[in-house]
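For reference, the structure is listed below as structure tokens.
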Amino acid sequence: MTALPPQYDPTALEAELYRAWTDAGLFTPAATGRPHYVVMMPPPNVTSVLHVGHGLNHTVQDVLVRFERMRGRDALWLPGTDHAGIATQNVVERLVAKEGQTRFDLGREAFERRVWDYVRETGGSILDQLKAIGDSCDWTRTYFTLDPGLSRAVREVFVRLYEKGLVYRGHYIINWCPRCLTALSNEEAEKADVEGRLWSLRYPLADGSGHLVVATTRPETMLGDTAVAVHPEDARYRHLVGRAVRLPLVDREIPVVADAAIDPSFGTGAVKVTPAHDPTDFEIGRRHGLPAIDIMTPEARLAETVPERFRGLDRFEARKRVVAEVEALGLLEKVEAHAHAVGHCYRCDTVIEPRLSDQWFVRMAPLAEPALRAYREGRLRFLPERRGDEYAQWMENIRDWCISRQLWWGHRIPVWYCDDCGATHVSREDVTRCRCGGAVRQDEDVLDTWFSSWLVPFSSLGWPDDTPDLRTWYPGDVLVTAPEILFFWVARMVMAGCEFMGDIPFHTVYLHGTVRDTQHRKMSKSLGNGIDPLEVIRRYGADALRYTLVSGMAVGTDVILDPNDLETSFAPARNFANKLWNAGRFILSNVPGPTRPLAGPHPGALRPEELTLADRWIIARCDATIREATEAYERFRLNDAATAVYRFLWSDLADWYIELVKPRLYGDAPGGDVARAVALRTFDVALRLLHPVMPFVTEALWQKIPGKPEGAWLCGASWPRPDARAAAPDALAGFGVVQEVVGAVRAIRAEYDVPPGKQVRLFVTHPSAAAQAAIRAETGTILRLAKASELTLGESADRVGGYAVLSDGTGVFVPLGDAIDLERERARLGAELGKLEQLIAGQERKLGNEQFVARAPAEVVAKEREKLATWREQAALLADKRTRLGA
RNA sequence: GGGCGAAUAGCUCAGCUGGUCAGAGCGCCUGCCUUACACGCAGGAUGUCGGGGGUUCGAGUCCCUCUUCGCCCACCA
């Protein structure tokens, strides 16, 4: 075989291996009829740039898919991109702004073309970046949520829900982003705690008999007040209900109404009512027939409906102005600090303005019912389990979904209005003319991005047509994502699956953690604390990135990485890949051709009596690792799986088996063929077990395995199974003794500074029966690894030496009289002891000084006392050592 | 305001159904360029398992409480 370089160079191999896998079609499953394993990739935004969050999410998915593929399931991981309405439109709007224009300058059609150009130009890059991570998804099925097929599914769903009465148009208070100029769903309005203020304002009674005090966090909205509300049972205000107050600044008379929605214990128990700008107030307004005065423009500036001096002011400017004027009138009762939650746009973080408008909604309760049932009946499970409660809680309190967006980028709402007869057409096909013959115009709005992504488990497979793909791959199995989109996407996919396919789209939802920095802050562009996965791949390799992410992640916990120290984070995994590489180099260079089968009916198979204790031990360890890793992968404990294989490869195979088997591999030493067979087989197994996590380095090595079938890829190879015939659990204990003996001698050598090249004699005293057998079986190994010239079972005549007791009580004795220069060693110890005694004497003087003890801070004194104690202990140890050397 | 997590070596974390669980990696200390690997090998030090109380023959592991961080939900203006 061609010599492999001593350092693994990921960049030289990864791209080529990836191409080989795709060329071989390994990621495109054939529908063989075997059990399938289907994972829907959370479609990244088409404009997004790969960040480490993708890295984590995709590594987890890829590990699971590769594992199940090797287990023989038809594994489909279906990739796609999301048109991401608001996010993408914002990106292009910024580009247009650089040219000094707005989308309104361009006009709708031109702007849409501009977005399409942008998407076509840059849209694929995120997918290419995913390939660098090693994603084994089926690129032949890649979709985009604005593809014709998926767009047809969107229309079909809209029309069907409309026909069932589950889609409706309504006039309500919705969450409005004054910067994006669109309505948002409740989920898209992220609540954030804000340290705000609560202003108490006096509203004079219209008859001049006094005033009412109302409290508000948004004083500017008073310009749109149309009532003051109190609780009907509130004795303080009962006499005022039905009377009127005079709204300051506006000079408008508004009624005092009684409404049960008011909490008498909060503030003064009297509330200003602004039906056009608050959901609760809107409901109160409805119940009492109050007018709703919209006082704001879409940009959240004050509108024509307020007194002239306020018009055009930004809402926060207006707030200051209103407060100032109220105060000038002597009507500001008080201002208090007030912490409360305020909605922010999840795309641009602008403070949400509740706004009254006409929007399209989905009635969700009927859709939630079967989705909730699936969870309650255990057909749908969550990892970690507690996330299931969040899901259930959300489903139980589900609110209608505002799906219309005042954007230009997205699926246009399939509704046409006739201006002549006023008819509304909701249609799967484009409508060009009304029944009445009049012209029609399509609804200007587009649909929420999530209105297309909630369908992907089936729309990506050809729905609404009844395609073979759909029949084969629906329902899927596992959904892997971050908890942030549990409601946006996961919960809604379950509802859509139940409604349109009659079955949930996956049975398991695995919600992994978030990648955070060492201060536990989420990594983000704005904080500048991100880690660029491509840089990590460039410097350490994709395998190192993957291994680091996987091993840092227990089920449901976050992954903490230091963006300022990639070396600390990623070098260990890179080192592991290199270790694997070198173990492979060694084994492969010593195994020139195919080896004998380990066990079984084959004529050349190894016979049990040919195996040494060490052979049986490594086979047993290998089998145990197969069980451990397999179970861990099955239980989504990817970190445990990674750790198990790491331990086996490094601590067992490399540190022990390879070391001890060397003499058998060189030349024509006896037992060489057995050693080669065992080494190759266990190494092959380890490569398979590790492949899901580190696909590249394992594949590169596996390609060199002698006897590998022509054209076979580890990526498509079978998952290893424990081989009961070759397994030897008893060897675990036996070889454990061997390891302990070697370890004990090494420790003694280190302790007494025995020169590295110096051979020692070794006595094993009163060994247990099992220990005796093990030591006899591997005497050669012990002598070599302990650098001992002879091993005697029994007592030694020497008195000077190092002694150790093993866990089973077996004693290990190393005479040292002839192994070290006793005089020199005694002198060394004596010198060390002398230095220490001087230090101790000085310290004792210091602590004997009453001035010091009385005046120095207590902690300092304590620290000095500790030092003294430590030195005394060290001195005692040195003295003991010297005694053992016969001094 | 409700609900839920987490606090274990200097750092990042394992420790799943109470009894070799006091661990791993990194870092640190001491030797080694031993012909697979110095991205390595061998040896070593380090923790009142957040504080307090309880259950138990026995508790990082169960219960209560306190402290500190984090997450989800919520129309008290």
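Reckoned from all heavy atoms, side chains included, excluding hydrogens, waters and symmetry mates. Residue numbers begin at 1 in each chain, while the letters A, B, ... track the order of the sequences.
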Please determine, for B:C76, whether a Watson-Crick or G-U wobble partner exists with both distances under 3.5 Å, and give it or none. none
In the strands shown, is B:G23 matched to any nucleotide by a Watson-Crick or G-U wobble pair with both distances under 3.5 Å, and which? B:C13
Please classify the nucleic acid contact of A:Arg574 as base, sugar-phosphate, or nothing, using heavy-atom distances under 4.0 Å. base
NA contact type, A:Ala654, heavy-atom cut-off 4.0 Å: base, sugar-phosphate, or nothing? base
What contact category does A:Ala747 fall into here, base, sugar-phosphate, or nothing, at under 4.0 angstrom with non-hydrogen atoms? sugar-phosphate
So, is A:Arg746 close to the B:G44 phosphate, meaning a side-chain N or O under 4.0 Å from OP1 or OP2? no
For the side chain of A:Arg585, counting heavy atoms from C-beta on, which of B:C37, B:G5, B:C71 is nearest? B:C37
For B:G60, glycosidic torsion class - syn if within 90° of 0, otherwise anti: syn
Considering every strand and a 4.0 Å limit on heavy-atom distances, what is the contact class for A:Trp650: base, sugar-phosphate, or nothing? sugar-phosphate
Select base, sugar-phosphate, or nothing to describe what A:Ile658 touches, counting heavy atoms under 4.0 Å on all strands. base
Rounding to the closest angstrom, what is the interatomic distance between B:G19 and B:C37 at atom C1'? 41 Å
What nucleic acid atoms does A:His277 come within less than 4.0 Å of, heavy atoms only: base, sugar-phosphate, or nothing? nothing
What's A:Phe636 touching, base or sugar-phosphate or nothing? Going by heavy atoms closer than 4.0 Å. nothing
Ranking B:C26, B:U12, B:A77 by distance to the side chain of A:Thr568, first place goes to B:C26
5'-most by nearest nucleotide on RNA chain B - A:Asn639 or A:Asp281: A:Asn639
For the side chain of A:Phe487, counting heavy atoms from C-beta on, which of B:A77, B:C72, B:A36 is nearest? B:C72
Please report the distance separating the P of B:G10 from the corresponding atom of B:A6, rounded so that it comes out in whole Å. 22 Å
Phosphate OP1/OP2 of B:G5: any A:Arg387 side-chain N/O under 4.0 Å: no
Please check if the number of heavy atoms outside A:Glu385 that lie under 6.0 Å from its CD is greater than 12. no
Considering every strand and a 4.0 Å limit on heavy-atom distances, what is the contact class for A:Tyr666: base, sugar-phosphate, or nothing? sugar-phosphate
Just to be sure I understand the rule, does A:Glu659 reach a base, reach only the sugar-phosphate, or reach nothing, if contact means heavy atoms closer than 4.0 Å? base
A:Lys522 side-chain N/O to B:C71 phosphate OP1/OP2 under 4.0 Å: no
Over 12 foreign heavy atoms within 6.0 Å of CZ, A:Arg197: no
Between B:C13 (P) and A:Asp562 (CG): distance, integer Å: 11 Å
Taking 4.0 Å as the cut-off, does a side-chain nitrogen or oxygen of A:Trp656 come that near to OP1 or OP2 on B:A42? no
Pair assignment for B:A59, Watson-Crick or G-U wobble, requiring both distances under 3.5 Å: none
Within the 3.5 Å criterion, strictly below it, is a donor on A:Asp225 or A:Thr274 matched to an acceptor on the partner's side chain? yes
Take the angle between the ring planes of A:His512 and A:Tyr510 and call it parallel below 30°, perpendicular above 60°, tilted in between. perpendicular
Kindly point out which of B:A74, B:C75, B:G43 is positioned nearest to the side chain of A:Ala750? B:G43
What's A:Lys662 touching, base or sugar-phosphate or nothing? Going by heavy atoms closer than 4.0 Å. base
Any strand: nucleotide that pairs with B:G70 via Watson-Crick or wobble, under 3.5 Å: B:C4
Any base atoms under 4.0 Å from A:Arg784, or only sugar-phosphate, or nothing? Heavy atoms, all strands. nothing
Mind calculating the distance between CG (A:Asn397) and C1' (B:A74) to the nearest angstrom? 9 Å
Using the C1' atoms only, state how far B:C11 lies from B:G51, rounded to an integer number of Å. 23 Å
Answer with base, sugar-phosphate or nothing: what part of the nucleic acid does A:Arg637 contact at a heavy-atom distance below 4.0 Å? base
Under 4.0 Å between any heavy atoms, over every strand shown, what does A:Pro572 touch: base, sugar-phosphate, or nothing? Just pick one. sugar-phosphate
Is the base of B:A74 touched by the side chain of A:Gln393 through a donor-acceptor pair closer than 3.5 angstrom? no
Pick the P atom in B:A7 and in B:C13, then give their distance to the nearest Å. 10 Å
So A:Trp650 and A:Phe576, would you call those rings parallel, tilted or perpendicular, with 30° and 60° as cut-offs? parallel
Which listed nucleotide (B:A36, B:A77, B:G5) is nearest to the side chain of A:Lys579? B:A36
OP1 or OP2 of B:G1 sitting under 4.0 Å from any side-chain N/O of A:His340? no
Step-by-step side chain to side chain contact (heavy atoms under 4.5 Å, CB included) determination, A:Leu701 to A:Phe683: CA-CA 10 Å; A:Leu701 289 167; A:Phe683 184 65; 4.0 Å; yes
Which nucleotide sits closest to the side chain of A:Arg399: B:C41, B:A74, B:G31? B:A74
Do NZ/NE/NH1/NH2 and the carboxylate oxygens of A:Glu390 and A:Arg387 come within less than 4.0 Å? yes
With A:Glu187, which of A:Trp394, A:Trp401, A:Tyr346 fulfils side-chain hydrogen bond (donor to acceptor under 3.5 Å, both in side chains)? A:Trp394
Classify A:Arg635 by what it touches in the nucleic acid, base, sugar-phosphate, or nothing, heavy-atom distance under 4.0 Å. base
Check whether any side-chain nitrogen or oxygen of A:Asn575 sits under 4.0 Å from OP1 or OP2 of B:G40, and answer yes or no. yes
Watson-Crick or G-U wobble mate for B:C41, both contacts under 3.5 Å: B:G31
Tell me the partner of B:U46, counting only Watson-Crick (N1-N3 plus N6-O4 or O6-N4) or G-U wobble (N1-O2 and O6-N3) with both under 3.5 Å; none if nothing fits. none
